[in-house]
Undergrad: 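Following this message is one structure expressed as structure tokens.
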Amino acid sequence: MNPVNRRAFLKAIAAASSASVLTIPARAHAGVKARVVVIGGGFGGATAAKYIKLMDSAIDVTLIEANQTYTACPLSNEVISGHREIESLQTGYDKIARRGVNVVHDFVTAVDPLKKTVATQGGRKLSYDALIMAPGISFDYTAVAGYSEDAVTDMPHAYKAGEQTRILKWQLQAMADGGVFIISVPPKPFRCPPGPYERAAQVAHYCLHNGKARSKVLILDANDSFSKKGLFEQGWKALYPGMIEWVPGAGDGKVERVDVASRTCFTGLNEHQGDVVNLIPPHHAGQIAVRSGLANAQGWCEVTPMTMESTRHKDIYPIGDACIAGELPVYDMPKSAHMAMTQAKVAAGAIVAKLNGLPVPQPYYVNTCYSTLAPDWGISVVHIYRVENNQFVYVKTAGGISPLDAPPLQRKLEAEYCVGWFNNVMADAFA
Amino acid sequence: MNILRRNVLKGAGAAGAVSVAMAAGLLTPGAVFAAEWNKAVFDSKDLGGVMSAVGGAGAAAGDISVKAPDIAENGAVVPVEITSNIAGTESIIIIGEKNTLPMIAQFDLSNGAQGFVSTRIKMGTTANVRAVVKAGGKMYTAAKEVKVTIGGCGG
Amino acid sequence: MRKLSSLLCTLALIAGGPAAAAGINIEGLARTCNNCHGINGVSVGQSMPSIGGLSEAYLKQILMQWKSGERFSASMGRLVKGYSDEELAAIAGYYARLPWVPVAQNTDARRVAHGKDAVERCVTCHGDTGSEPDDDVTPKLNGQWAQYMELELMKYRDDAVKMTHKKMRTNARKLDEEGLKSAPEFFASQK
Amino acid sequence: MAEPMKIRASMAGDSAEVKCLMNHPMETGLRKDAKTGAVVPAHHITNVTATVNGAKVLDAQWGGGISKNPYLAFKVKGAKKGDKVVVNWVDNTGDKNTAEAAIG
């Protein structure tokens with residue numbers, strides 16, 4: 001370590017500690033070790049568990065996650081197009097365990113918000129002082145007639161990365177030149193707002209460079225607009241002319257019914273037969289959040305802006321894709337890994353402060369989201385939120401999308417930054 | 001009786017539209033465009049003028065529902081569904097109160113057509129979508145505010 | 001070290017410090033930077049720079065230039081426009097007080113050797129190994145990510161984007177294609 | 001000539017619901033071209049009619065305030081399966097289109 005910096009560093013600690021000696025042992029005197037339980041080990045849950053431990057190592061933190069290995073959704077569209085192996089998106093929980101987080105691979109079956117306990121399939125019963133609810137999403141398989149959970153191998157959603165991603169990739173590889181690849185997009189809000197449109201580009205890229213240039217990607221959308229629309233349309237046109245067609249909800253794009261056997265999607269007035277059908281069903285907060293009484297009528301968990309605490313139950317903090325925050329349908333917080341992580345850090349800060357008897361710290365919410373249309377063509381959107389009068393406020397003077405008239409260098413930089421972003425968020429959440 | 005027909009003589013272009021349609025051979029006995037397009041009303045930028053031309057707003061009615069999103073993310077495509085449960089509904093008119101051209105559409109219903117239309121309209125700014133209904137010779141109205149988000153972050 | 005920094009996190013959360021006086025939760029704010037720049041500003045991603053331990057003056061200057069739009073950025077400008085000058089100053093101060101950690105990365109020995117010549121123009125300002133910049137608005141480069149530095153050079157070489165610092169623009173353009181790769185690799189390999 | 005119009009009619013209870021999707025730019029005459037700055041002339045559907053077995057059920061007038069590629073749905077009581085629905089439109093340039101469907 002640089003000696004000058006080290007001196008400054010120690011000085012900073014000294015300055016900080018002189019003021020805080022009196023406050024830190026408040027809970028220690030009570031002789032109770034505070035317990036935090038985190039449900040779900042995705043970007044949000046893992047980040048929350050790790051940061052609570054980082055901020056106050058005296059807190060007992062248990063992370064409950066069913067899977068031993070996590071497969072990240074960001075960049076998973078590049079697995080479909082063959083640019084990336086799925087293993088590059090995977091991580092275990094050993095590193096955050098080494099930070100002192102008690103990692104339990106189990107499945108939460110019930111939460112009792114009044115007794116403040118969590119029960120698991122494995123027979124565990126844990127009590128908590130604060131609960132982070134980060135279960136991600138659950139699909140509504142009945143929303144599209146003719147579809148079902150059994151149909152996911154025929155019409156994969158590939159909207160939880162892993163086996164589904166592989167199936168969609170294989171189906172694309174098996175598709176003949178001239179085939180039609182249908183992507184059915186559910187009504188907002190849904191996970192990863194630019195995901196389907198980035199996927200369209202990645203699929204077109206695969207087709208163009210693998211002897212399937214006559215193929216077509218047909219996006220059947222329940223919505224009339226989408227994230228980074230202008231940038232995507234510009235990129236599609238420049239990179240994959242004539243290969244991608246977007247049908248908005250207003251143009252009869254909403255898929256109401258499917259026939260799985262013939263791979264047909266029925267909209268209000270039309271039917272579209274695909275060679276591959278990537279049907280992304282509507283979704284809502286993970287089942288456990290809904291069953292715990294945290295979700296609103298639309299199936300999402302509303303939160304208190306200063307802390308991310310649930311508006312329904314005290315001491316439960318729904319974060320990540322399961323929560324809904326900000327003004328729908330344009331200024332709501334996007335369901336992205338980056339957003340989940342900044343929400344996790346706000347919740348972690350609020351919980352640590354509360355358990356130490358300290359005032360609520362000022363929250364900061366940021367989202368950065370990259371989409372890669374081709375290896376040297378990246379675009380992004382940035383969101384900054386402030387909390388004013390206990391409301392989420394999207395800062396309109398900042399944020400926004402990459403410029404439409406950007407030079408090629410910017411597109412290249414953003415494609416490279418996307419990978420750097422991914423490596424860093426993976427480390428920040430899981431290492 | 002068609003409400004706008006009263007104004008047909010004022011609308012210089014209205015007759016023109018009909019003759020063009022006739023010249024195009026479109027107007028067969030089964031599909032006559034009885035309601036000549038009323039240029040004067042559709043080209044008017046004056047909300048008050050439009051309201052009186054369509055017969056006045058009439059009484060506010062709970063039997064009319066205007067279904068539209070609270071917030072439209074795309075002002076160019078705002079889904080609007082109007083249901084009139086008033087017996088004998090003959091016409092439904094849609095007005096965008098702050099549109100440069102407020103008059104959006106008129107639907108005259110007959111032979112079993114119910115008091116229901118669903119369409120998509122343009123809105124330049126946050127405003128009321130107003131439905132004016134004519135039933136049994138009387139006018140009724142209802143409105144719903146739609147917030148239009150302009151610019152947006154695209155995210 | 002890790003223990004120390006986590007303790008600092010906790011203490012700063014409680015005690016605040018100068019930023020707290022201005023109503024800024026600097027720890028909370030800096031945590032949002034971690035997503036891309038790593039805990040304590042030590043990045044693990046090749047295209048994202050480490051920022052912990054860079055000088056306060058340099059960090060403050062670059063943040064403010066992005067905010068004003070004076071200096072091109074692909075995405076940082078859109079981020080920093082969301083914060084007050086005081087907040088940006090607090091971020092600069094926060095990261096400047098952290099230690100600079102050169103990151104171990106794979107470098108090509110041949111390139112590093114070539115880079116030693118290629119950096120002839122760089123070392124007058126950044127120091128022989130990039131660790132001792134000439135003034136406090138010049139960043140350290142030793143152990144910085146090679147790919148990040150290469151991308152920065154590309155910005156300085158491209159007229160399509162607006163970069164401040166004339167000297168950097170001039171010198172970046174003097175590098176040949178090989179130098180564009182080997183100069184970053186040289187600095188990246190330095191401790 | 002405009003692209004064909006899509007029409008579908010189906011029974012829902014004792015009413016037939018008719019849905020149509022038309023292809024039309026629906027220019028208001030107010031919009032300026034982003035590149036040239038010139039006003040794009042008005043070009044929109046002005047009249048729409050619908051019949052069920054030849055009897056007129058809907059007679060509409062539209063301005064440019066209806067969205068591009070218009071969507072229209074309406075309901076007809078007393079119609080039955082197999083009845084023929086015909087929808088016509090004409091625009092301010094005299095262009096026209098027609099489509100028909102049997103109620104399913």
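None of these values were measured; they are calculated from a predicted model.
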Undergrad: Count the heavy atoms of every other residue, nucleotide or ligand shown that sit under 6.0 Å from NZ of B:K144, and state whether that count exceeds 12.
TA: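 Buried by this count: over 12 neighbours within 6.0 Å.
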
Undergrad: Report the relative orientation of the aromatic rings in B:F107 and D:W62; use parallel for angles under 30°, tilted for 30 to 60°, perpendicular for over 60°.
TA: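 The arrangement is perpendicular - the two ring planes meet at more than 60°.
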
Undergrad: Name the member of B:Q114, B:E81, B:M123 that forms the most heavy-atom pairs with chain D at distances under 4.5 Å.
TA: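 Going by pairs under 4.5 Å, I would pick B:Q114.
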
Undergrad: Relative to chain D, which of B:A113, B:S110, B:A105 shows the most heavy atom pairs under 4.5 Å?
TA: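 Option with the top pair count is B:S110.
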
Undergrad: B:V80 versus chain D, heavy atoms under 4.5 Å apart: side chain, backbone, both or neither?
TA: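 Contact with chain D is absent: no heavy atom of B:V80 under 4.5 Å.
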
Undergrad: Please step through salt bridge (charged side-chain N to carboxylate O under 4.0 Å, His left out) for the pair B:E90 and B:K134, ending with a clear verdict.
TA: CA-CA 6 Å; B:E90 300 158 36; B:K134 184 188 178 194; 3.6 Å; yes

Undergrad: Within a strict 4.5 Å, meaning less than it, do heavy atoms of the D:I45 and D:N97 side chains meet?
TA: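 No. Closest side-chain heavy atoms not under 4.5 Å.
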
Undergrad: Heavy-atom cut-off 4.5 Å, strictly under: side chain, backbone, both or neither for D:K68 against chain B?
TA: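 Just the backbone, heavy atoms under 4.5 Å.
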
Undergrad: With respect to chain B, which residue among D:A73, D:S15, D:G63 yields the maximal number of heavy-atom pairs within a distance under 4.5 Å?
TA: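 So the answer, after comparing D:A73, D:S15, D:G63, is D:A73.
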
Undergrad: Measure the shortest side-chain to side-chain distance between D:M5 and D:V87 over non-hydrogen atoms and say whether it is less than 4.5 angstrom.
TA: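 D:M5 reaches D:V87 side chain to side chain.
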
Undergrad: At a 4.5 Å cut-off on heavy atoms, which part of D:L30 comes close to chain B: side chain, backbone, both, or neither?
TA: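 When you check distances to chain B, only side chain atoms of D:L30 fall under 4.5 Å.
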
Undergrad: Step through it carefully: locate the ring centre of D:H44, locate the ring centre of D:W89, and say whether they are under 6.0 Å apart.
TA: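 That pair fails the under 6.0 Å test.
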
Undergrad: I need the residue from B:A76, B:S118, B:G112 with the largest number of non-hydrogen atom pairs under 4.5 Å to chain D.
TA: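 Most heavy-atom pairs within the cutoff with chain D belong to B:S118.
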
